[in-house]
Amino acid sequence: MNFKIAVPPPFSFLSTVYSHGWVDLPPFQLNSEEQYFDYTFSPDENSIISFRISGGDNSSLLVQTEGKLTAAAGKKTEHAVICMFRLNEDYSSFYRLARAEKKWKWIISYSAGRMLRCASLWEDMVKMLCTTNCTWNLTKIMTGNLVAELGKEKGSKHSFPAPEIIAGCDEQYLRQRIKMGYRAPYLLEFADRVASGKIDLNQLENREGTSDELYKALRAIKGFGDYSVSSLLKLLGFYDRMGYDSWNRIQFAKKHNSGTAVEDKEIAAYYKRYDSWAGLFFWMDVTEHWYKNNFKW
DNA sequence: GCGTCCAGGTCTACC
DNA sequence: GGTAGACCTGGACGC
């Protein structure tokens, strides 16, 4: 079954797919040659949906599934795609700022700025936890193990495991087999609180509130510090925080200070004029070379 | 092949 | 409020 989803301009499939590392982590399966990715998700405990998505002419997304979807499953797939590609977000003031300065001309020409999400905040948050205090390779190992060992299975494909599944795991298993290491108790506690309803991710995601309020709510969850919460806020449509990590600090230093380390407050001062978009301009600035190198990471 | 050291965020205890 | 140390793993390095 094939169907199209209209996208609001400016939009670029590739710029969104390569906006950060998510597409490199299962259950995303990228085919860079043919410019599509496969993705599998479980919208509820009884179902599992796999689809292939490509960008066509950047005026719509083409979604392909094996076999026909029920109307309800089609709706859930469409909702997931809208969330993943941030199709409901208004980027007009971001592009207005980008158009005003010559150095951001490339953002306009690549229609860059949208950051790819997973189908659920749960999956985004667990993956973000897996990026903390380790190399990207270890992040891939952790998420790969979670999906392969605990995900719901459909043929050769697996979805990201539900909170209930992880909440039922033994801590030693998560530490040693999944390679979560010392993060295991954080993941276990988070999964348990989500599965038991003590943390309502839907409410968290759809709450009316400020960036600061959401920041405080997410920081209250053990294991999620400044870097991970600031990065998560970017996936939730709040771009005022920088989300420093060792990699983006180095990229900034290389680009703006001949490689000499720069204090966080100086980085913040550099992007201050972009106000609520400061964090996104920071991320765009340190990843500019990805776009110009045709997304060769 | 083995042992050692280091990088990578977050939490906790302490000042 | 700021700082130091512990947490765990993979990879780099020296032997």
Side-chain angles (χ1 to χ4, degrees), chain A residues 19-22 24-26 115 117-118 121-150 161 163 166-167 169-194 198-199 201 204 211-236 238-255 257 259-269 271 278-280 282-283 286-287 290 297:
Chain A
S19 54
H20 61 135
W22 260 204
D24 212 16
L25 303 176
M115 296 182 73
R117 277 194 63 182
C118 300
L121 179 56
W122 158 254
E123 187 177 326
D124 281 324
M125 289 186 71
V126 175
K127 283 179 173 169
M128 199 61 80
L129 184 62
C130 293
T131 68
T132 57
N133 201 21
C134 65
T135 58
W136 184 246
N137 197 39
L138 183 55
T139 300
K140 291 209 283 192
I141 290 170
M142 287 187 263
T143 53
N145 287 339
L146 283 171
V147 170
E149 299 235 349
L150 299 169
I166 293 181
C169 288
D170 177 66
E171 186 184 314
Q172 283 310 309
Y173 169 80
L174 292 174
R175 275 181 185 271
Q176 287 159 14
R177 178 78 186 177
I178 304 297
K179 297 283 179 194
M180 291 296 296
Y182 73 93
R183 301 163 199 81
Y186 299 150
L187 175 60
L188 210 47
E189 184 180 329
F190 177 46
D192 184 56
R193 291 177 69 193
V194 174
K198 286 179 189 152
I199 295 176
L201 292 180
L204 211 53
S211 168
D212 281 354
E213 286 167 351
L214 194 52
Y215 179 84
K216 278 183 195 151
L218 292 170
R219 280 300 307 268
I221 303 169
K222 229 183 236 180
F224 292 87
D226 178 70
Y227 148 78
S228 52
V229 170
S230 299
S231 302
L232 278 168
L233 285 179
K234 290 193 182 84
L235 301 184
L236 290 168
F238 293 96
Y239 303 97
D240 53 329
R241 290 176 188 275
M242 310 304 281
Y244 306 105
D245 66 11
S246 54
W247 183 83
N248 59 33
R249 285 186 182 106
I250 288 169
Q251 298 306 314
F252 183 90
K254 275 187 192 167
K255 195 165 181 181
N257 203 33
T260 305
V262 179
E263 284 193 41
D264 289 350
K265 61 183 178 189
E266 289 179 44
I267 300 178
Y271 300 99
L280 186 56
F282 175 38
W283 183 249
V286 297
T287 58
W290 293 356
W297 287 336

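Chain naming here is simple, since letters A, B, ... match the order of the sequence lines and numbering starts at 1 in each. The model shown is predicted, which means the values in this text are computed figures rather than measured ones. Atom set for the values below is all heavy atoms of this structure, side chains included, hydrogens, waters and symmetry mates excluded.
- Among residues two or more places apart in sequence or in another chain, the salt bridge (charged side-chain N to carboxylate O under 4.0 Å, His left out) test is passed with A:Lys265 by A:Glu263.
- Counting only residues at least two apart or on different chains, the salt bridge (Lys or Arg N to Asp or Glu O under 4.0 Å) pairs with a member in residues 121-148 of chain A are A:Asp24-A:Lys140, A:Arg117-A:Asp124, A:Glu123-A:Lys127.
- Between A:Tyr271 and A:Phe282, the angle of the ring planes lies from 30° to 60°, which puts this pair in the tilted group.
- If you take CD1 on A:Ile267 and CZ on A:Phe252, they are separated by 5.5 Å, rounding to the nearest 0.5 Å.
- What separates CG of A:Leu187 from P of C:dT9 is a distance of 14 Å, to the nearest Å.
- Following rounding to the nearest Å, A:Lys140 (NZ) and B:dG8 (P) show an atom-to-atom distance of 18 Å.
- In this structure, CD1 of A:Ile250 is placed 14 Å from C1' of B:dG9, rounded to the nearest angstrom.
- Whole-Å rounding puts the A:Leu129 CG to C:dC8 C1' distance at 13 Å.
- Aromatic ring centroids of A:Phe238 and A:Tyr215 lie 6.0 Å or more apart.
- The distance from atom CZ of A:Arg177 to atom P of C:dT9 is 14 Å, rounded to the nearest whole Å.
- Under the salt bridge (charged side-chain N to carboxylate O under 4.0 Å, His left out) criterion, A:Lys222 pairs with no residue, sequence neighbours left out.
- Although no hydrogens or angles enter the test, the distance criterion places a donor-acceptor pair under 3.5 Å between the side chain of A:Trp283 and the main chain of A:Ser19.
- To the nearest angstrom, C1' of C:dC7 lies 16 Å from CG of A:Leu174.
- Of the possible donor and acceptor atoms, none in the side chain of A:Ser228 sits under 3.5 Å from a partner among the backbone N and O of A:Phe224.
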So which protein N/O to nucleotides 10-12 of chain C N/O distances come out below 3.5 Å?
unit_1	atom_1	unit_2	atom_2	d
C:dG11	OP1	A:Asn137	ND2	2.6

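- An OP1 or OP2 oxygen of B:dG9 is reached within less than 4.0 angstrom by a side-chain nitrogen or oxygen of A:Ser246.
- Remark: DNA chain B takes part in the stems B:1-15 with C:1-15, each of 3 or more antiparallel Watson-Crick or G-U pairs, criterion distances under 3.5 Å.
- Judged as a side-chain contact (heavy atoms from CB on, under 4.5 Å), and not counting sequence neighbours, A:Ala269 has no contacts.
- The shortest distance between side-chain heavy atoms of A:Asp245 and A:Thr131 does not fall below 4.5 Å.
- In this structure A:Ser231 satisfies the side-chain contact (heavy atoms from CB on, under 4.5 Å) test together with A:Met128, A:Tyr227, sequence neighbours excluded.
- Qualifying side-chain hydrogen bond (donor to acceptor under 3.5 Å, both in side chains) partners for A:Lys216, counting only residues two or more places apart in sequence or in other chains: none.
- Every salt bridge (charged side-chain N to carboxylate O under 4.0 Å, His left out) that A:Glu171 has, sequence neighbours left out, goes to A:Arg175.
- Distance A:Asp264 CG to C:dT3 P: 13 Å, rounded to the nearest Å.
- Identified under the side-chain hydrogen bond (donor to acceptor under 3.5 Å, both in side chains) test for residues 176-185 of chain A, with sequence neighbours left out: A:Asn133-A:Tyr182, A:Glu149-A:Arg177, A:Gln172-A:Gln176.
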Heavy-atom protein contacts under 4.0 Å, nucleotides 10-15 of chain B, coded B base, S sugar-phosphate only, - none:
SSS---
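- Between A:Arg183 and the phosphate of C:dC7, there is no side-chain N or O to OP1/OP2 separation shorter than 4.0 Å.
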Report each atom pair, protein N/O against N/O of nucleotides 2-6 of chain B, whose distance is under 3.5 angstrom.
none

